[in-house]
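Have a look at the structure below before the remarks.
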Amino acid sequence: MARRLARPRLAILAAICWPLLAHGATEQGPVTLYADQVQGLGSGHWTASGDVEVLYGDRRVYADTVHYDQARDEIIAQGHVRMVSPGLLTAAPQATIHLQANQGIVVQPRYLLPAQNGHGHAAQGQELAKGVYRLNEACYTTCEGARPAWELWTSRLDLNQNSGEVTTYNTRIDALGIPVFWLPRFSFPLERHSGFLTPSFGNSTINGFSLGVPYYFNIAPNMDDTLTANYFTKRGAMVQNQFRYLEPDYSGTLLLDVLPNDQLTRNTLWAVSWQHNQNLGHGFSAAINYNRVSYANFLSDFGGISGFGSNFAGGIGNAPYITSMGGVYYNNAHINAGISLQSYQELVPNSIAPYAELPHIFADGYWRLGKNGYFDWRSSFDYFNAAAGPIGQRLDLTPTLGWRFSSGWGFLEPQARLYYSRYQIQRNNPYPRVINRTLPALSLKGGLNFVRYGADGSTALLQPMFKYLYIPTKDQSNIPNFDASQPFQNFPMIFQDNFLYTGNDRINAANLLALGLTGTWLTPAGRQLWQGSIGQIRYFNRNQIDLAGNVVPQTQQSSYFFEGVFAPLSDLNFLASSQVASRWQRFERLNLRAQWLPGRNRVINLDYRYTQNFVDQAGISAAWPVAPHWQALASYQYDVKDRKPLEQLLGIGYDGGCWAARVVVYHQILLGGQSNNAVYFEILLRGLTSLGNASQSLLGQYVPGASMEF
């Protein structure tokens with residue numbers, strides 16, 4: 001206790017006498033000294049000993065003994081020296097510090113960067129200016145223990161806290177004490193900062209071995225650019241660039257890849273992708289999504305490497321075409337309108353991309369009429385363009401007048417709708433130049449709610465539904481097909497008006513009654529235990545419109561549609577949807593999935609997909625910890641009809657705390673029958689940088705629910 005009382009007295013004495021020392025105050029303010037003993041205070045040469053603490057500005061120095069030389073503006077700290085400055089802690093047997101110049105020399109320092117948990121040691125350390133340090137014969141790691149999992153050894157390490165950058169020279173990276181990599185110069189940021197990033201590498205049957213060296217440009221807090229030089233042993237050198245920007249009213253990303261003199265095709269290959277979104281104010285907005293490639297197989301060859309894969313329909317390597325569009329839009333409480341341009345680029349040989357819409361103009365609105373009435377307006381104008389076949393204009397007007405009454409016991413909704421379309425066709429053979437089509441649609445939809453509460457607090461809900469719909473039968477074979485298609489039907493679609501087609505070129509005939517039943521069971525805790533739906537359409541009309549627009553015979557009833565979810569446990573789900581022929585003789589479509597998610601990084605999926613005359617596939621995928629710090633994942637997709645595997649993925653990951661790594665081996669059958677084998681290897685050295693290809697997108701696509709997060 002006596003010692004603690006003595007320290008404040010010596011501190012006060014130092015504060016009184018220190019201003020007498022001409023160089024005893026820094027630009028940051030006065031210097032304060034705490035010590036058990038001080039000899040020579042006020043003489044220009046003094047020595048403090050016994051638990052010494054020196055405070056100057058935002059710095060602190062602790063030592064057994066501190067010598068001060070006024071003429072040289074120098075303090076020499078000896079014995080258990082600890083130096084504390086913002087973002088850096090240093091321990092050493094001896095340090096020399098020049099207060100005014102913010103310079104010094106530290107002998108055999110050990111240092112810690114708390115924010116990054118980066119630490120190491122050096123033969124000698126220097127402070128060149130405030131926040132600028134140089135370590136000679138130094139090492140750096142974020143791992144703990146006597147034998148760190150990885151260490152960076154360098155003849156010189158420059159730490160600049162002002163720019164947030166660490167630069168090393170003659171650098172060797174050791175893994176478990178074994179040298180694995182050497183770089184003449186290497187830099188990594190303590191925060192977002194311009195500089196070289198760690199190289200990436202991989203291998204595939206199409207491209208061979210690949211090596212990429214990225215450079216990151218920190219242009220502004222809201223803007224950056226990453227330029228990557230890649231080399232593929234079977235293809236040549238590729239330059240990749242990603243530019244990103246973010247402003248309060250707009251944001252976007254621009255991707256550009258160029259491969260001059262491709263060794264496989266003997267051509268220059270390129271790909272560009274630009275996404276931009278902008279708020280124009282007062283309800284107006286704009287969006288651009290432009291995508292283009294010079295080579296049809298660019299996505300299958302380079303999609304997993306270039307970062308383009310997530311921007312196109314169908315996944316990496318499986319997009320039959322890519323879409324580009326841009327538009328200006330307006331939205332308020334009642335109106336949604338806009339004008340856009342949309343085009344497509346075919347990628348798969350002999351495939352047919354949709355018509356380009358140059359432009360597509362739409363104006364939709366919704367207004368309440370009284371308490372239960374409403375008026376819905378849909379309108380659009382399109383100019384459809386293609387290299388071959390008919391082209392032309394289409395005007396669609398679809399007003400709807402409806403009334404909906406709902407209560408706790410159910411709802412009732414009558415509705416009247418009008419479909420009007422006007423076409424002006426060029427290259428019109430064999431179609432008329434001008435076509436008008438007007439079709440009314442009358443419907444009555446309703447449903448009942450039956451609720452039962454169990455003694456244990458559970459809730460059962462049963463909802464029978466119906467919809468009567470009438471649309472007259474009208475031959476539409478004189479109308480070209482610009483955007484109509486027949487989607488796979490499901491339970492919700494049987495309650496739509498134009499349930500057979502997407503687009504507006506085909507309007508199905510209807511004199512029908514759609515019937516459905518939905519049941520739901522909630523546990524006492526409110527969790528959904530199961531939900532199931534079944535529905536069918538009963539037709540009173542004898543004829544229907546096919547995709548060519550012809551009038552064809554109509555069966556008396558549709559297929560049965562099922563969908564359901566069963567979750568006996570909170571982490572176990574069974575999902576099913578199916579379409580069964582009207583006489584129960586066969587499945588026309590069946591999708592099944594069992595998914596178990598018992599915890600973080602744990603998932604098992606069993607899948608089966610069947611569509612008559614199209615798909616018959618089964619698959620299993622899983623991700624699971626196999627040992628402490630280890631996680632494995634796998635996916636196997638099998639074509640039941642052709643009796644051969646389709647896609648296979650196998651990966652293993654290790655998380656060592658200060659570092660992590662994963663290897664993913666991947667085989668894929670691409671559209672057109674081409675196959676691709678690839679290996680993705682990733683390493684993360686926490687507190688330093690990452691190394692390898694970003695294969696996370698593959699995991700979500702082929703192992704639903706999986707994540708190997710570093």
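Source: prediction; values computed, not measured.
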Report yes or no: does [X] contribute a side-chain atom to a donor-acceptor pair with the main-chain N or O of [Y] at less than 3.5 Å?
{"X": "Ser558", "Y": "Ile537", "value": "yes"}
{"X": "Ser533", "Y": "Phe562", "value": "no"}
{"X": "Arg589", "Y": "Phe561", "value": "no"}
{"X": "Arg378", "Y": "Thr400", "value": "no"}
{"X": "Arg609", "Y": "Asn591", "value": "no"}
{"X": "Gln345", "Y": "Thr323", "value": "no"}
{"X": "Thr555", "Y": "Gln557", "value": "yes"}
{"X": "Asn508", "Y": "Leu500", "value": "yes"}

Next on the checklist: Applying salt bridge (Lys or Arg N to Asp or Glu O under 4.0 Å), can you list everything that pairs with Asp497, at least two apart in sequence or on another chain?
Outcome noted: Arg417, Lys467

Next on the checklist: Name the residue from Asn291, Asn289, Thr253 that meets the side chain to side chain donor-acceptor pair (under 3.5 Å) definition with Ser273.
Outcome noted: Asn291

Please round to the nearest 0.5 Å and tell me the distance separating atom [atom1] of [X] and atom [atom2] of [Y].
{"X": "Ser421", "Y": "Ile507", "atom1": "OG", "atom2": "CD1", "answer": "6.5 Å"}
{"X": "Ile288", "Y": "Met325", "atom1": "CD1", "atom2": "CE", "answer": "11.0 Å"}
{"X": "Gln536", "Y": "Leu513", "atom1": "CD", "atom2": "CG", "answer": "10.0 Å"}
{"X": "Ser635", "Y": "Ile620", "atom1": "OG", "atom2": "CD1", "answer": "9.0 Å"}
{"X": "Leu395", "Y": "Arg422", "atom1": "CG", "atom2": "CZ", "answer": "8.5 Å"}
{"X": "Gln489", "Y": "Ser559", "atom1": "CD", "atom2": "OG", "answer": "7.5 Å"}

Side-chain donor-acceptor contact under 3.5 Å, [X] with [Y]:
{"X": "Thr502", "Y": "Ser485", "value": "yes"}
{"X": "Asn504", "Y": "Tyr419", "value": "no"}
{"X": "Gln579", "Y": "Glu588", "value": "yes"}
{"X": "Thr518", "Y": "Gln463", "value": "no"}
{"X": "Asn543", "Y": "Asn541", "value": "no"}
{"X": "Gln595", "Y": "Asn605", "value": "yes"}
{"X": "Arg437", "Y": "Gln476", "value": "yes"}
{"X": "Glu647", "Y": "Gln637", "value": "no"}

Item to check | Basic-acidic side-chain contact under 4.0 Å: Arg394, Asp382 | outcome: yes

On a heavy-atom basis, which atom in [X] and which in [Y] lie closest, and how many Å separate them?
{"X": "Ser380", "Y": "His360", "value": "CB-CE1, 3.9 Å"}
{"X": "Pro390", "Y": "Pro480", "value": "CG-CB, 3.9 Å"}
{"X": "Asp607", "Y": "Arg593", "value": "OD1-NE, 2.5 Å"}
{"X": "Leu412", "Y": "Leu444", "value": "CD1-CD1, 3.9 Å"}
{"X": "Ile391", "Y": "Phe384", "value": "CB-O, 3.2 Å"}

Item to check | Check against side chain to side chain contact (heavy atoms under 4.5 Å, CB included), Asn336 and Tyr330 | outcome: CA-CA 6 Å; Asn336 182 26; Tyr330 175 78; over 6 Å; no

Parallel, tilted or perpendicular: ring planes of [X] versus [Y], cut at 30 and 60 degrees:
{"X": "Tyr321", "Y": "Tyr344", "answer": "perpendicular"}
{"X": "Tyr636", "Y": "Tyr638", "answer": "parallel"}
{"X": "Phe482", "Y": "Tyr355", "answer": "perpendicular"}

Between [Y] and [X], is there a side-chain heavy-atom distance shorter than 4.5 Å?
{"X": "Tyr431", "Y": "Tyr423", "answer": "no"}
{"X": "Tyr470", "Y": "Leu512", "answer": "no"}
{"X": "Trp274", "Y": "Leu255", "answer": "no"}
{"X": "Leu369", "Y": "Leu401", "answer": "yes"}

Next on the checklist: I'd like to know whether Asn550 forms a side chain to side chain contact (heavy atoms under 4.5 Å, CB included) with Ser477, so could you lay out the CA-CA distance, the side-chain angles of the two residues, the decisive distance to 0.1 Å, and finally the verdict.
Outcome noted: CA-CA 5 Å; Asn550 299 306; Ser477 59; 3.2 Å; yes

Next on the checklist: Do Arg404 and Tyr374 form a cation-pi contact, if we require the NZ or CZ to be under 6.0 Å from the six-membered ring centre and within 45 degrees of the ring's axis?
Outcome noted: no

Next on the checklist: Is the distance from the ring center of Tyr560 to that of Trp584 below 6.0 Å?
Outcome noted: yes

Checklist entry - So, for Tyr366 and His334, is the gap between ring centers shorter than 6.0 Å? => result no

Checklist entry - Should Phe488 and Thr611 be marked as a side chain to side chain contact (heavy atoms under 4.5 Å, CB included) after you check the CA-CA gap, both sets of side-chain angles, and the distance that decides it? => result CA-CA 9 Å; Phe488 293 122; Thr611 301; 3.4 Å; yes

Got more than 12 heavy atoms from elsewhere within 6.0 Å of [atom1], [X]?
{"X": "Gln424", "atom1": "CD", "value": "yes"}
{"X": "Arg542", "atom1": "CZ", "value": "no"}
{"X": "Trp521", "atom1": "CH2", "value": "no"}

Next on the checklist: Can you pull out every ring-ring contact (aromatic ring centres under 6.0 Å, His included) where at least one residue sits in residues 491-511? Sequence neighbours excluded, please.
Outcome noted: Phe491-Phe495

Item to check | Intermediate values then yes/no, side chain to side chain contact (heavy atoms under 4.5 Å, CB included), Thr459 and Arg452 | outcome: CA-CA 6 Å; Thr459 303; Arg452 181 177 180 179; over 6 Å; no

